[in-house]
Structure formats: structure tokens, C-alpha cells
Amino acid sequence: MTAILVVCLGNICRSPLAEAAMRDAAARANVHVRVDSAGTAGYHIGKAPDQRSRLVAMERANIDISHYKARQVSESDFDIFDYIFAMDQQNLSDLKAIMPQNSKAKLALLDNDAAVVDPYYGDISDFEAVWRQISSACERIIHNL
Ligand code: 4NP
């Protein structure tokens with residue numbers, strides 16, 4: 001089974017939405033994938049997603065992400081996952097810095113060359129825009145697997 005990891009900075013705003021959207025896109029396409037999310041930083045380990053992400057996932061896709069728990073990406077993720085998708089260039093370069101030389105994972109930005117901009121200091125409309133961007137990127141990724 002293809003394994004996909006989605007990564008942002010804190011694993012509380014963007015990547016939990018990407019985890020939910022990727023699972024949802026896969027289920028709708030009848031594609032069996034393993035999906036997880038993580039953060040490059042460890043500030044929020046063990047925390048549930050930001051309440052604005054929880055609200056958007058529920059309102060836009062009827063998905064409850066309140067049980068998700070933030071974790072930090074680790075070197076072993078590069079052996080476990082086939083694809084690791086970063087939200088922005090900073091996430092991508094932080095991942096490259098810890099990527100083992102013999103990594104099996106393919107590393108890329110989630111939305112082609114476009115960053116999914118951090119909505120943490122924004123408002124709910126920024127989270128809605130992140131959801132739209134992430135959900136279409138996930139549909140494309142699942143379609144192209
Ligand atoms: P995320 O958003 O990377 O999408 O989870 C952030 C969450 C927390 C912080 C930054 C970004 N922070 O600085 O605490």
C-alpha cells in the first residue's frame with residue numbers, strides 16, 4: 001500500500017487538514033493508501049489540531065479531526081513513507097536537512113510549486129482558503145498515484 005506523509009511546521013494547522021483531505025480523496029477514488037501527518041518542529045507535540053482547522057474540516061467535509069495528535073517528523077519516516085509532501089519551501093528545506101542519504105521517500109511540495117501559506121496568524125477565511133488549496137492538491141495527487 002502506498003504510504004503518504006504530509007508535513008508542515010507545527011502539525012496543528014495545515015498538515016492535519018492535508019491528512020484529512022488526502023484520506024477523503026483516496027476513499028472517494030477507492031484508492032487504498034496509508035496517510036499520516038507530522039511537523040518539522042516539536043512545539044506542539046501531542047496537541048490536537050488548531051480549533052480553526054477542526055472547524056473547517058467539519059464544515060467543509062464533515063470530517064472530525066479532533067482526535068489527531070501532533071508529532072514531529074523523524075528520520076525513520078523516510079523509510080516508512082513513499083511520498084512526503086511539504087506545505088512550503090521552508091518545510092521542504094527542513095526535511096531535506098534530515099533526509100537520510102538512502103531515503104526511499106520522494107519529497108515534494110504538496111501543491112506543485114505553490115506554497116500552502118501558514119494560516120496560524122490569520123483568521124478563519126485563511127483556513128478556508130488553505131482547505132480549498134489542500135483539498136484540490138490532494139485530489140490531484142491521489143489521481144496521479
Ligand atoms: P502549521 O501552523 O505549521 O500549519 O501547523 C503553525 C502552527 C504553529 C506555529 C506556526 C505554524 N507556531 O509558531 O507555533
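Ligands are counted one by one from 1 in listed order, and the atoms in each one are counted from 1 as well.
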**Report entry** Ion pair Asp82/Lys104, N-O distance below 4.0 Å
**Finding:** yes
Requested in this report: For residues Ala57 and Leu17, report the shortest heavy-atom separation together with the two atoms involved.
Outcome: CB-CD2, 3.9 Å
Query raised in the report: When you measure from the centre of the six-membered ring of Phe127, is the NZ or CZ of Arg54 under 6.0 Å away and within 45° of the axis?
Result: no
Requested in this report: With heavy atoms under 4.0 Å as the rule, classify the contact between Ile12 and ligand 1 as side chain, backbone, both or neither.
Outcome: both
Report summary line: Quick look: Met87 vs ligand 1, heavy-atom contacts under 4.0 Å, and the answer is neither
**Report entry** His143, NE2: over 12 other non-hydrogen atoms inside 6.0 angstrom
**Finding:** no
Query raised in the report: Is it true that the side chains of Asp88 and Asn91 contain a donor and an acceptor less than 3.5 Å apart?
Result: yes
Report task. Considering heavy atoms of the protein only, find what lies nearest to atom 8 (C) of ligand 1 and give residue, atom and distance to 0.1 Å. Result -> His44 NE2, 3.3 Å
Report summary line: min-distance protein heavy atom vs atom 1 (P) of ligand 1 -> Cys8 SG, 3.4 Å
Query raised in the report: Is the closest basic N to carboxylate O distance between Asp24 and Arg60 below 4.0 Å?
Result: no
Report task. Flag yes if more than 12 heavy atoms outside Asp113 fall under 6.0 Å of its CG atom; otherwise flag no. Result -> no
Query raised in the report: Tell me, which protein residue and heavy-atom name are nearest atom 11 (C) of ligand 1, and how many Å apart are they?
Result: Asp118 OD2, 3.1 Å
Requested in this report: Any atoms of ligand 1 less than 4.0 Å from a non-hydrogen atom of Gly10? List them with their elements.
Outcome: 1 (P), 3 (O), 5 (O)
Requested in this report: Classify the contact between Asp50 and ligand 1 as side chain, backbone, both or neither, using a heavy-atom distance cut-off of under 4.0 Å.
Outcome: neither
Query - N or O pair under 3.5 Å between Arg14 and ligand 1 - result: yes
Query - Sub-4.0 Å atoms of ligand 1 with respect to non-hydrogen atoms of Leu9 - result: 3 (O), 10 (C), 11 (C)
Report summary line: Within 4.0 Å of some non-hydrogen atom of Cys13, the atoms of ligand 1 are 1 (P), 2 (O), 4 (O), 5 (O)
